[in-house]
Novice: 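So that we are looking at the same thing, I have put the structure below in structure tokens.
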Amino acid sequence: MEQHHVRSLLKPSAYPDPTGSVELVQTHVSYIFLTDDFAYKVKKPVDFGFLNFSTLDRRRFYCEEEVRLNRRLCPDIYLGVAEVRETPAGAAFVGDGRVIDYAVKMKRLPADRMFDRLLSAGLAGEPEVRAVARVVGIFHLEAEQSPEIDTFGGLDTIEANWAENFQQTLPYCGITLSARDHGFIREWVERFMTERAGLFAARVGAGRIRDGNGDIHMENICLGADGGVCIFDCIEFNNRFRYGDTAADIAFLLMDFDFVLRPDLGAAFLDEYTRITNDASVVEVIDFYKVYRAFVRGKVESMRLADPQIPENEKQAAAARASRYFRLARGYTVRPGLPPTLFITCGLTGSGKSRLARELSLDLGLEIVSSDVVRKELAGLRPTDRPSEGYGTGIYTDRASVRTYGELERRARAALGGGHSIIVDATFRRRADRARFGTLARNAGTPFVILHAVCPEPTIRRRLDSRQKDRNEPSDGTWEVYLRQKDGFDPPSDREGTLLRIDTSGAASAMVDAVLHGLELLPCGKS
């Protein structure tokens with residue numbers, strides 16, 4: 001579709017339904033025009049090899065397929081295929097002029113009921129996740145199965161999918177992922193497929209290869225106020241990406257939960273899903289398919305960088321997301337090499353220790369327990385509440401700090417007792433506090449890693465000034481607090497545990513790489 005046609009479809013008069021405005025949303029393969037009540041999705045005339053919408057006939061066919069396939073999980077939302085016609089005023093969905101394109105017409109779903117928005121607003125949790133898991137589990141049990149579909153669960157197809165991914169991401173090496181990580185992930189994937197070949201064959205024999213959805217993630221799930229679940233926008237353009245192991249289908253959503261640092265929701269989903277499907281072996285392949293999903297998501301976000309119609313600021317955001325997805329893919333491959341471990345951060349307010357903890361949690365799937373949050377919980381406050389007490393008073397007295405560190409210790413002990421790693425995010429400016437946690441790790445028989453966050457003071461001051469304007473920031477740290485803490489700080493030594501001194505002034509990937517190198521989970525090599 002030419003750009004003047006796109007512009008003309010932004011006029012309300014181009015639509016058969018009354019609307020006050022039209023909003024355009026773009027992906028790398030679609031224009032989505034949003035009216036007051038409906039969405040019209042026009043496919044871009046692109047050919048990526050795995051996806052080919054280059055001709056009008058292809059776009060019509062795949063519009064029809066999109067409606068047919070999505071009605072399986074959203075029967076009332078997909079209304080049909082609309083014709084884009086040529087008119088004197090430009091392209092429109094009205095009139096009797098020449099048909100120049102096609103669009104999938106849908107009811108417009110409420111944006112505030114999308115799962116990702118509900119989760120970020122604190123309005124979705126384990127009950128909603130289990131409801132989604134039940135819908136997906138039943139869908140998989142009823143999904144089409146055939147000898148043809150079974151072939152897509154075999155290693156030949158899986159290897160071909162991976163080979164395509166690795167080839168198509170080569171142009172982004174040095175941009176959204178490093179050449180080292182590209183090779184590292186490839187080696188892990190090839191080794192897994194070789195060593196676990198029998199597992200893939202067993203999944204085929206157990207009937208776990210189905211005509212699934214192919215694109216189940218939080219942004220494609222809408223929860224009705226009545227408790228209904230609508231999962232929309234499945235893969236229609238390539239059977240190879242929709243036919244496959246049901247584990248691959250759910251791995252997208254589980255990876256999505258990991259991406260937003262909510263692996264607990266992934267665990268709840270998997271528990272409910274296996275109860276519904278009685279699929280015990282799914283846990284043996286789920287991490288392999290999580291790597292696949294994270295890698296593909298990184299590839300798709302990277303492809304946005306080559307689209308001349310996407311604004312530069314959106315490309316920059318896409319590049320950042322792509323890098324994080326590739327990091328997550330790599331993280332899944334290194335996690336098995338990490339035994340249950342107790343991590344603590346160490347550093348003054350504004351030093352970047354909480355950022356370091358969050359970024360490392362993404363890569364290694366670690367639970368984080370934060371002193372800023374726990375301190376306020378113990379005082380009956382919300383994490384974002386800002387008490388007016390000064391340094392050393394109110395919730396920041398020595399007595400309150402003793403209670404806070406006691407609760408942090410209790411939660412760390414529970415995690416280690418369950419065989420899980422954990423990051424305790426606190427200043428740990430006193431040697432005695434670090435010693436308590438070192439003893440805890442020794443008693444649990446686990447490694448004790450001290451992440452000492454450091455960066456230049458001008459950077460710290462800028463962070464602290466910016467933090468005061470962020471209403472979602474739980475920390476109450478200020479420059480004055482930093483100076484007070486600095487006077488009483490006991491620097492950590494390597495006699496206390498495995499000490500990693502991390503410069504937090506650079507990119508997130510550099511911080512995490514420094515930790516993974518220090519733990520010998522990631523080999524050194526070309527970045």
Side-chain angles (χ1 to χ4, degrees), residues 72-73 115 119 124-145 149-150 152-155 158 192-193 195-218 220-221 223 227-231 234-235 241-294 296 328-329 331-333 335-336 340 365-367 415 418-421:
R72 296 176 301 170
L73 282 168
F115 196 101
L119 182 60
E126 183 173 330
E128 289 75 19
V129 167
R130 289 184 179 274
V132 174
R134 288 191 289 273
V135 169
V136 174
I138 293 170
F139 168 66
H140 281 165
L141 291 174
E142 298 176 348
E144 184 181 353
Q145 182 185 20
I149 292 173
D150 279 347
F152 289 83
L155 271 180
I158 295 170
F192 189 99
M193 290 189 295
E195 294 175 354
R196 307 302 301 275
L199 177 58
F200 293 101
R203 296 286 296 173
V204 175
R208 300 301 179 183
I209 315 304
R210 301 290 175 116
D211 181 359
N213 176 283
D215 207 21
I216 303 175
H217 57 90
M218 287 193 288
N220 283 355
I221 300 173
L223 302 183
V229 175
C230 174
I231 302 174
C234 78
I235 298 294
F241 298 157
R242 199 179 65 255
Y243 294 169
D245 197 318
T246 51
D249 224 18
I250 65 171
F252 201 157
L253 183 57
L254 300 185
M255 181 276 295
D256 226 15
F257 289 139
D258 291 340
F259 189 77
V260 297
L261 307 185
R262 290 301 304 270
D264 57 309
L265 296 182
F269 180 99
L270 196 57
D271 177 70
E272 188 70 18
Y273 178 86
T274 53
R275 186 185 69 82
I276 293 291
T277 61
N278 197 32
D279 184 0
S281 69
V282 68
V283 297
E284 299 182 58
V285 291
I286 198 65
D287 283 346
F288 174 84
Y289 285 118
K290 281 185 182 182
V291 175
Y292 178 79
R293 290 301 185 184
V296 169
L328 180 56
Y332 289 130
T333 71
R335 289 178 188 183
L366 305 174
E367 177 187 352
H420 305 295
S421 297

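All residue numbers refer to positions in the sequence shown, counting from 1.
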Novice: Are F288 and I158 side-chain neighbours, meaning at least one heavy-atom pair lies under 4.5 Å?
Specialist: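 Side-chain contact under 4.5 Å: yes.
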
Novice: Parallel, tilted or perpendicular for F192 and F200, by the 30°/60° rule?
Specialist: perpendicular

Novice: Using 0.5 Å steps for rounding, measure from the NE2 atom of H217 to the CZ atom of F259.
Specialist: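 Reported value, rounded in 0.5 Å steps: 12.0 Å.
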
Novice: Could you check H140 against I250 for side chain to side chain contact (heavy atoms under 4.5 Å, CB included), going step by step and ending with a plain yes or no?
Specialist: CA-CA 10 Å; H140 281 165; I250 65 171; 3.7 Å; yes

Novice: Checking D249 side chain against N213 main chain: does a donor-acceptor pair fall under 3.5 Å?
Specialist: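 Yes; judged by distance alone, with no hydrogens or angles, the pair exists.
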
Novice: How close do C234 and R242 get, heavy atom to heavy atom, and via which atoms?
Specialist: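 Taking every non-hydrogen atom into account, SG-CD, 4.4 Å.
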
Novice: Looking at CZ of F139 and CD1 of I231, how far apart are the two atoms once the value is rounded to the nearest 0.5 Å?
Specialist: 8.0 Å

Novice: Mind running side chain to side chain contact (heavy atoms under 4.5 Å, CB included) on F257 and V129 for me, showing each step along the way?
Specialist: CA-CA 10 Å; F257 289 139; V129 167; 3.9 Å; yes

Novice: Rounded to the nearest 0.5 Å, how far does CD1 of I221 lie from CG of D256?
Specialist: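 Rounded to the nearest 0.5 Å, the CG-CD1 separation comes out at 8.0 Å.
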
Novice: Could you go through R134 and R275, starting from their C-alpha distance and side-chain angles, then the distance that decides it, and tell me whether this counts as side chain to side chain contact (heavy atoms under 4.5 Å, CB included)?
Specialist: CA-CA 9 Å; R134 288 191 289 273; R275 186 185 69 82; 4.2 Å; yes

Novice: Please identify each residue that fulfils salt bridge (charged side-chain N to carboxylate O under 4.0 Å, His left out) with R130, with sequence neighbours left out.
Specialist: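 Counting only residues at least two positions away or on another chain, R130 forms a salt bridge (charged side-chain N to carboxylate O under 4.0 Å, His left out) with E126, D271, E272.
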
Novice: Should E284 and R196 count as side-chain neighbours, where that means a heavy-atom distance under 4.5 Å?
Specialist: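 The answer is yes; the side chains approach within 4.5 Å.
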
Novice: Tell me, do I209 and Q145 make a side-chain contact under 4.5 Å, heavy atoms counted?
Specialist: no

Novice: Hey, is the main chain of T246 close enough, under 3.5 Å, to the side chain of R210 for a donor-acceptor pair?
Specialist: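 Judged by distance alone, no pair lies under 3.5 Å.
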
Novice: Between D258 and Y332, is there a side-chain heavy-atom distance shorter than 4.5 Å?
Specialist: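 Y332 reaches D258 side chain to side chain.
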
Novice: Begin from the C-alpha positions of R208 and V282 and carry the test side chain to side chain contact (heavy atoms under 4.5 Å, CB included) through to its verdict.
Specialist: CA-CA 9 Å; R208 300 301 179 183; V282 68; over 6 Å; no

Novice: With V229 as reference, evaluate V136, L73, V135 under the side-chain contact (heavy atoms from CB on, under 4.5 Å) test and give the passing residue.
Specialist: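 So, applying the side-chain contact (heavy atoms from CB on, under 4.5 Å) to V229 and each of V136, L73, V135, only V135 qualifies.
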
Novice: Output all residues satisfying salt bridge (charged side-chain N to carboxylate O under 4.0 Å, His left out) with D245, sequence neighbours left out; order by chain, then residue number.
Specialist: R203

Novice: Below 4.5 Å, heavy atoms only, C-beta onward: do L265 and F269 meet side chain to side chain?
Specialist: no

Novice: What are the two closest non-hydrogen atoms of P340 and G419, and how far apart are they?
Specialist: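 Residues P340 and G419, closest heavy atoms: CG-O, 3.4 Å.
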
Novice: Quick check for you: to the nearest 0.5 Å, what is the distance between I235 atom CD1 and F252 atom CZ?
Specialist: 8.0 Å

Novice: Rounded at 0.5 Å granularity, tell me how far CD1 in I149 sits from OH in Y243.
Specialist: 5.0 Å

Novice: Kindly give the heavy-atom pair with the smallest separation between A197 and L155, and that separation in Å.
Specialist: CB-CD1, 3.6 Å

Novice: Look at the rings of Y292 and Y289 and say which category their plane angle falls in: under 30° parallel, 30 to 60° tilted, over 60° perpendicular.
Specialist: perpendicular

Novice: Do NZ/NE/NH1/NH2 and the carboxylate oxygens of D211 and R72 come within less than 4.0 Å?
Specialist: yes

Novice: Which pair of heavy atoms, one from V283 and one from A280, lies closest together, and at what distance?
Specialist: CG2-O, 3.4 Å

Novice: Looking at R293 and G214, what are the two nearest heavy atoms and their distance?
Specialist: NH1-O, 3.3 Å

